[in-house]
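Here's the structure, in structure tokens; my notes come after.
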Amino acid sequence: MPELPEVETVKNVLNNIAKGKTISYVEVFRPQTVRSDLKQFQDVLKGATILDFTRYGKYIIYHLDRDYVLVSHLRMEGKYYHRDEKIKPNHNDLVLFHFTDGSYLAFNDTRRFGTMELVLKDGYLEREPLNEIGPDPFMMKDSSRLYEAFKNKGVAIKPCLLDQSVMSGLGNIYVDEVLFACKIHPETPAKLLSKKQYDEIWKWSKDIMGRAIQKGGTTVISYHPTEGIDGEFVTELKVYGQNGGKCVNCGTPLVKKFVGGRGTTFCPHCQRNIARPFVLGLTGPIGSGKSEVGKYLESKGFVYLSSDAIVHHLYELKSVQEGLRRFVPHLKVKDGKVDRVSLRDEIIANPRVKRYIERYIHELVIEELERQIKKCTKDQHVVAEVPLLFQSGYDLYCDKTLMLEVNEKSQLAHLENRKEDIEKALRLNARFADLNNKKATYTIFNNGSVADLHQKLDTIFCKMYQ
Ligand SMILES: [Zn+2]
């Protein structure tokens, strides 16, 4: 769908090719395209001279030497073609403006959503349909209109910015680009943004769309302002359509999700959701003291979420047991719970099964972690213990990450307190360090006493203690 910069380009091209021309007659092949009275439409335009084309929001306005203006919207696929009378129109041409100079302008629309209507010239901005359209960023003096409209809204900022009645011009592409430039998460409740952030949104909207207008718009694949003109701005898009690509600022893979029903791409690292509590991702091999860290931070006011506890709970669910049977048909269930020891033996015996099960369980764990984090307030701090933090990709959801490292002696000492089969537990974790070679924000070598560990944690996190 053409966005503001494309419509601006079309308007400029129309001024180049049709401004000053006189319409000898109009042919309408699809009457529904004309929203106002059809006979009046043809009568008024017959003999009219086009004085100028302007743009309001994503509407194009034909100014005429008549008491009316013609208001037109391209919608999904509307285009214009300027041709010599000798060239026949094609079946997607819906309206033809024949000029006295022997050429004609065709309004062409394969999707047939485009519209045209005559509106009385006197006060046309206060009449339908333009009265429902807010000013675009270039017409606004400052951001106060945005701030006043959204400061009490609990809904996500993205759908707010798509509401054309407050500020017009930002469509799906440019909202994503603007929010990325402002480092604002698209799901941030609008009321949590400051006046300064609305200022940034307004300024970046002007900057990004201004550059796009210079380049002639964005939607290259399905859209041509007129024959021979292509948008080039697509090469400058930083997030839109780049799902899975890397953030140009920090290298984090960009994420796509649906916000307010629209596909939305953003950097989970640069565009932090401020409605979310601070989340510390905690990882480390077996016997490295993760639960000790979790319990200690919990005593200092953190909310401690343990994926181990979540997995225990998941193993009690019938649906999860069914899910696991897809990979381990003879899954053992004891007292209504997956028998972890036999499952571990299966996993050790079969690396492929291990991979499948890890992926399956990780997704469920992350879903549950996110469900619990959503229940926290933005002022709380969360420590989320996730043994395969980086492999599961959950580090991208965390504000900071903490990795525990241990030497073999300390690891064995930590494990001795547990009733586990130490040798098997270690085999399961043998490649841990290799797989977690991505850098954590903090690394603690936990080879000393519990008091040492607490002291190290205090040094890093004491400012967050309550
Ligand atoms: Zn980033």
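Both ligands and their constituent atoms are indexed starting at 1 by order of listing. Computation of the quantities below employed the complete heavy-atom set of this structure, encompassing side-chain atoms and omitting hydrogens, waters and symmetry-equivalent molecules.
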Original post:
Among the protein atoms near the Zn ion (ligand 1), how many are N, O or S and lie under 2.8 Å away?
Top reply: 4
Subject >> Pairs where residues 237-271 contributes a residue and the test ring pair (Phe, Tyr, Trp, His ring centres under 6.0 Å) is met, not counting sequence neighbours >> reply: His185-Phe266
Original post:
Name the one of Tyr59, Tyr80, Tyr62 that satisfies ring pair (Phe, Tyr, Trp, His ring centres under 6.0 Å) with Phe53?
Top reply: Tyr62
Using atom types as modelled, flag every donor-acceptor pair under 3.5 Å from a side chain in residues 442-449 to any protein atom, sequence neighbours excluded.
unit_1: Asn446; atom_1: ND2; unit_2: Ser288; atom_2: O; d: 2.8
unit_1: Asn447; atom_1: OD1; unit_2: Asn407; atom_2: N; d: 2.8
unit_1: Asn447; atom_1: OD1; unit_2: Ser410; atom_2: OG; d: 3.1
unit_1: Ser449; atom_1: OG; unit_2: Ala451; atom_2: N; d: 3.4
unit_1: Ser449; atom_1: OG; unit_2: Asp452; atom_2: N; d: 3.1
unit_1: Ser449; atom_1: OG; unit_2: Asp452; atom_2: OD2; d: 3.4

Original post:
Does atom CD of Glu128 have more than 12 heavy-atom neighbours from other groups under 6.0 Å away?
Top reply: no
**OP:** Decide if atom OH of Tyr360 counts as having more than 12 heavy atoms of other residues, nucleotides or ligands within a radius under 6.0 Å.
**Re:** yes
Original post:
What residues form a side-chain contact (heavy atoms from CB on, under 4.5 Å) with Glu367, not counting sequence neighbours?
Top reply: none
